[in-house]
Amino acid sequence: MRRLLTDPTVAGLAALLVVLVVVEAVFVPHEKPRFPWHFVPGYAALIGLGACLVVVLLSKVLGRMVLQRPERSDD
Amino acid sequence: MTNLLLHPVLPFLLAAGLAPVAGAMGRRLLSLLAPAAALASLLSLRAGAEMSVSVIGHDWVLLRVDGLAYVFALAFILYAFIAAVYAWEDSGPGPKAASLGLCGAGVGVVLAGDLLSLFLFWEWLTVTSLFVIWFGNTPGAWAAGVRYLIFHLLGAVMLLMGILARMADGDTAFTAMALDHWSSWLILAGMMTNAAVPPLHAWLSDAYPRASVFGTVFLAAFTTKAAVYALARGFAGVELLVWAGTIMALFGVVYAVLENDIRRLLAYHIISQVGYMVAGVGLGTALALNGTAAHAFSHIFYKGLLMMSAGAVIYATGRGKLTELGRLAGPLRWTLVLMMIGAFSISGVPLFNGFVSKSMVVSAAAYADRGAVELLLLVASMGTFLHTGLKLPWFTFFGKDQGARVQRPVPVSMYVAMGLAAAVCVVTGVFPGATLYVVLPFDAVYEPFTSHHFVEALQLLTGTALGFWLLRVKLGGEPTMTRDVDVLYLGPLSGMVNGAGAAIEGLGHQVGRLNGGVVNGTWTRLYGYVSRVGTPPFSVQSAITVSAIAGGAWFFIWLLR
């Protein structure tokens, strides 16, 4: 965790994300909000980060359980 | 009535015919001249132009130009030129004739005006694709081609049965079809096979990475996009397609997490990107259909660029797996730059072409009050950037050194082609109003460059980048292959072939006359092609064989009743 917090790439990306969310909240709210999440500033950031974590971990579990098998010689 | 000599397919047909007899340099020039001549004839045609000939009692409407056909034909022809530049070094008669034929067939599909002409070009596309796969000469290309053929024949049979049933009612026009008769459902299923809608998609990820690096560049552009055109023409507004497309968009993402082969990773993302187009067709509004056409146009060039740059890596290093690549940013820096242009485009980074076309489909979903579709398509966008924009370049060009070295330099012709494709991606991405949007078929105003679109896209991309960085240890390639749903049909099929082979062999022994070696050799070979996913136990094979024979007999009796 400590290493994570001092990783300059993580810090940089996280800072950029915060700036983008603030910019959205203050300057550019959704033009035509239709769905509940359109009212949440930073919903796109949440989809990007959250879905990334979920999709990767879920795919890996699926892969371990059913989808992956050893490579064959013809590839 | 327009002169048939002006048909844009004709130059491709002539060039493909001349390719085997011309010299190597002649073939190279033919492959550039054919798209140039086709472009000239397309530009000379006005909207509403039609050409038809009457042969064997049928009026074949070989050409029909309107807005929807025009934008697809234009993309195909421009791309055919760029791909021919890329394949300059691949000057053998076979590959050149097959790839020219493939381009011509793609253009033919989108210009066909009646259902039988559509079928004619559709099958021409299958056959030329098959030869492009076979000319790949890679290990496994032959067997993958056979599987490709089996699959597309299934699609073709569904399409043809549907078309013939419609013709029996005197209806041959290729226009919007209502799903009120089984014939329309068969046509829809046939088209969905070529659009690679799961579970009818496995031919794509199976065969495309086994072609040559040049062949893949041709394959990636035509078949699925021609099918998207056909769906947009015939089945706009069909609810099933909204969900089929959304599932496609996500499906490719899951498989791309697990994929190690760089071209197969990109192939799964073809399925994902075609998902946006299919969803747009299903939504069926003017904006959604414009989005489908625009995204097909963008996709042809950015996916082409990605396949070209992946091909350049394979050409230079002789390796194509993430577990064998890495640390190539120095020696292949221009390939990296060009791949990143393709990656930014497919990911919808502002000022690249994917941004101005993908957002159109996503917005169309929102305007149609389809919240779940909008949300899931945004999740799919995340996945696209994760794999194509981050995982693929990171583990190819950065990551750790796994012994990949540049064995031979990337030819200038390949760089020129990638540069041309990159130019299309950037120019249409920065000036969509003056380029891409001008050729869109329907009347719908759309402004991609709003401050909220920018912020939304940048948030999504930055969030994904952060997720990638946190999980990058988990995202490296693994030396595995991924089981796809083809296990569900290749398993039974290989069982059937094996069972039938055993039965014939047994019969041969009984009769004592049949040459068991020849008969059984054929079956053994066919079995080898379809047994990619392993063989079920003998009891299952027998059950499948018996039920297949019983089912076939029942079907014949039903037909003849």
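These values consider heavy atoms only, across backbone and side chains, with no hydrogens, waters or symmetry-generated copies. In what follows, chains carry the letters A, B, and so on, assigned in the order in which the sequence lines appear, proteins first and then strands, with residues in each chain numbered from 1. Source: prediction; values computed, not measured.
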Q.
Using only non-hydrogen atoms and a strict under-4.5 angstrom cutoff, which residues of residues 363-370 of chain B touch chain A?
A. Ala366(B), Tyr367(B), Asp369(B), Arg370(B)
Relative to chain A, which of [options] shows the most heavy atom pairs under 4.5 Å?
{"options": "Leu471(B), Leu375(B), Leu386(B), Leu470(B)", "result": "Leu375(B)"}
{"options": "Ala457(B), Gly467(B), Gly371(B)", "result": "Gly371(B)"}
{"options": "Lys474(B), Gln459(B), Met382(B)", "result": "Gln459(B)"}

Check whether [X] gets within reach of chain B through its side chain, its backbone, both or neither, counting any heavy atom under 4.5 Å.
{"X": "Val56(A)", "value": "both"}
{"X": "Val21(A)", "value": "both"}
{"X": "Phe27(A)", "value": "neither"}
{"X": "Leu57(A)", "value": "side chain"}

Q: Quick one: closest heavy-atom pair of Ser451(B) and Val28(A), and the distance?
A: OG-CG1, 2.9 Å
(Q) Looking at Glu259(B) and Leu265(B), would you say the former's side chain and the latter's main chain have a donor-acceptor pair under 3.5 Å? (A) no
(Q) Looking at His38(A) and Arg34(A), would you say the former's side chain and the latter's main chain have a donor-acceptor pair under 3.5 Å? (A) yes
Q.
Looking only at the side chains, is there a donor atom on one of Glu456(B) and Tyr43(A) sitting less than 3.5 Å from an acceptor on the other?
A. yes
Q. How about Tyr268(B) and Tyr208(B): are their ring centroids closer than 6.0 Å?
A. no
Q | Option passing side-chain contact (heavy atoms from CB on, under 4.5 Å) with His387(B) (candidates Thr464(B), Val257(B), Leu392(B)) | A | Val257(B)
Q | Step-by-step side chain to side chain contact (heavy atoms under 4.5 Å, CB included) determination, Thr450(B) to His453(B) | A | CA-CA 5 Å; Thr450(B) 68; His453(B) 278 163; 3.4 Å; yes
**Q.** Pairs where residues 51-62 of chain A contributes a residue and the test side chain to side chain donor-acceptor pair (under 3.5 Å) is met, not counting sequence neighbours
**A.** Lys60(A)-Glu478(B)
Q: Please step through side chain to side chain contact (heavy atoms under 4.5 Å, CB included) for the pair Trp394(B) and Trp469(B), ending with a clear verdict.
A: CA-CA 10 Å; Trp394(B) 178 261; Trp469(B) 195 255; 3.7 Å; yes
